[in-house]
There are 2 protein chains.
Amino acid sequence: MSHDRTPAAQSPAQAPAGYDAGEYPVFFVTVDTAIFTVRDGALKLLLVQRQDDPYAGCWALPGGFKNPDETLDEAAWRELAEETGVTTSGWHLEQLGSFGDPRRDPRGNIVTVAYVAFAPDLPDPVAGSDARDARFWDVDDLDLPSLQGGNHDRGLEDAPELAFDHTVIAARAVDRVAAKLEYTTLATAFCRPQFTLGELQHVYEAVWGVRLDRSNFRRWVQQTTGLVRPADTDTRRTSGGRGRPAALFEARSELGTLYPPLLRPDDARALRPAKETR
Amino acid sequence: MSHDRTPAAQSPAQAPAGYDAGEYPVFFVTVDTAIFTVRDGALKLLLVQRQDDPYAGCWALPGGFKNPDETLDEAAWRELAEETGVTTSGWHLEQLGSFGDPRRDPRGNIVTVAYVAFAPDLPDPVAGSDARDARFWDVDDLDLPSLQGGNHDRGLEDAPELAFDHTVIAARAVDRVAAKLEYTTLATAFCRPQFTLGELQHVYEAVWGVRLDRSNFRRWVQQTTGLVRPADTDTRRTSGGRGRPAALFEARSELGTLYPPLLRPDDARALRPAKETR
DNA sequence: GCAAAAGTGTTCATACTACACCCATGC
DNA sequence: GCATGGGTGTAGTATGAACACTTTTGC
């Protein structure tokens, strides 16, 4: 769904009920979602290649128009389902921020509300009817601007060209993910229902781009309340099939605050932009 | 400005340029801002009392309609200036989130983008033409819902009744403030250009509702890079006029990330809702 | 002198870092 | 056996909490 599909429209584009036309300016409202997953030791972002103008051929975050009879969250869930086939399951989906620059869409005044979603590991996406292609991109292969005015345009060869202001949105989204790993249980959202501590550690390492000490990571996870709980089953091997089989754990709650947090080393803050809205 | 003033409208409320009417649903877009200050050792929130229906007599966050020719940030700054008379100075203003429940406004489909602003200490606000009154409220006197499903309706006597979904927005805003003190330089935004370490500590104590050890706070502030810098002037006494005069400091930058953060004690997390978006 | 707030130092317990070492599996 | 990843322990250091003491002002 990339801004070009007709939503289940029921009301014509007049002024919303309750106001006379002409009283205040009106806007289209869209919802765009940055869907992340961790695969092959790297953080991946789902992008769809646009079929039609504007920005035909460019890559964009999946999104669509808000309906008058749904909340913003519901619109994001609906678009997520349409895009990935996911039934409203245990995924984590949260609002990132809104963007309303009048020049952000050449067609006119469109305010978009950006969301961020986190997926364990996904079957490869299918391109929708309005999309030429759809795939997960390694975020390190995207040419995203640094949030603190650093080096945009790193001279990447195969970096896709992004539509609209989606480079800005994607950069903010990547930053949000990295920041939230520190003080929330978000990392478990990238794992399947049952996971090993090694898999969980790989999430942190992939998102932050660092190596963590296995022993210390273990200790931190287990003494941090509300993060994981041992699964009451047997063990299985993972990570290829080598090594000793690992114990399984499961996430404890939906999304909680961690105390103490796991602060990334400050060199990991430099690589991926640090400041943000949280 | 409380949803009822005509913005500097230039385009009639038809579909935005570039699209045919009827193609997609349209919405009004408003901007509401939670303006905080610290006064008398407590965190205060600016509310205006509505003159007209809906919710006449109720208190609301100051806000207004977005214009078609401005970004969301610009709209928030404009409303902030209209409300407080502040020229676009060094204030900190950031987006909180958007709310688009179709039932949030009885007049119809209005999507609002909420902002949070931080003021050092403000001359008392003047009620606008559309407002019956305007004043700072102690956040502890507001009946805000806990974000983690806790105790709403604490049986406060003089708690004002809030319009629309502004209890939810205000609760999220309070939570955002408390969370951002931990790992950003936000606390300095509540201080005047030059301040003492005691004043800075009072900000933390007021927002978190705790007492901090003076000695440890001092040490933390001074060893944390990028938070404060000594002002090159003489000293002055503060806090009433008692005690030894204190050295003055000034904020170092706009809004930075703190490393290490100053984590509030976990009992302070329970009082004010903890989880949040950052 | 006394109260109040600023400024400095010291102690002690805890938490974090960086390793070293053993275990269980596939090949 | 060997490579690979899981699991446990430990010494040294850094960090943070609690508290004692001194200094400078107003009254």
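Throughout, protein chains are lettered first and strands after them, A, B, ... in sequence-line order, and every chain is numbered starting at 1.
Straight-line distance from the CZ atom of Arg214(B) to the C1' atom of dA17(D): 15 Å, rounded to whole Å. Atom CZ of Phe217(A) and atom C1' of dA15(C) are 17 Å apart (whole Å). Computed from coordinates, the Arg219(B) CZ to dA17(D) C1' distance equals 9 Å when rounded to whole Å. For the pair Glu199(B) CD and dG7(C) C1', the computed distance is 16 Å after rounding to whole Å. Atoms CG (Leu263(B)) and C1' (dA17(D)) sit 14 Å apart, rounded to a whole Å. Arg218(B) places its CZ atom 13 Å from the C1' atom of dT22(D), with the value rounded to the nearest Å. When rounded to the nearest whole Å, the span between CG of Asp213(A) and P of dG5(D) equals 16 Å. One interatomic measurement links the two molecules: CG of Leu262(B) to C1' of dT15(D), which rounds to 13 Å at whole-angstrom precision.
Summary of the strand contacts: Asn216(B) and Pro245(B) both lie near DNA chain D, and taking for each the nucleotide with the nearest heavy atom, the more 5' one is attributed to Asn216(B). Residue order along DNA chain C, read from the 5' end via each residue's closest nucleotide, puts Gly243(B) first among Gly243(B) and Phe249(B).
For Gln194(B), the CD atom sits in a packed shell: over 12 heavy atoms of surrounding residues, nucleotides or ligands are nearer than 6.0 Å. Around CZ of Arg229(B), the count of heavy atoms belonging to other residues, nucleotides or ligands within 6.0 Å exceeds 12. Within 6.0 Å of atom CD in Gln222(A), more than 12 heavy atoms from other residues, nucleotides or ligands are found, so the atom counts as buried in its surroundings. The 12-atom threshold is exceeded at CZ of Arg252(B), counting heavy atoms of other residues, nucleotides or ligands nearer than 6.0 Å.
The nearest pair of heavy atoms linking Leu197(B) to Phe249(B) is CG-CE1, 3.5 Å.
Counting only heavy atoms from C-beta on, Arg244(B) has its side chain closest to dA5(C) among dA17(D), dA5(C), dG6(D).
At a threshold of 4.0 angstrom between heavy atoms, the contacts of Gln223(B) are confined to the sugar-phosphate backbone, with no base atom among them.
The base of dG7(C) does not come close enough to the side chain of Ser215(B) for any donor and acceptor atom to sit less than 3.5 Å apart. On a pure distance criterion of 3.5 Å, no polar donor-acceptor pair joins the side chain of Arg242(A) and the base of dT25(C).
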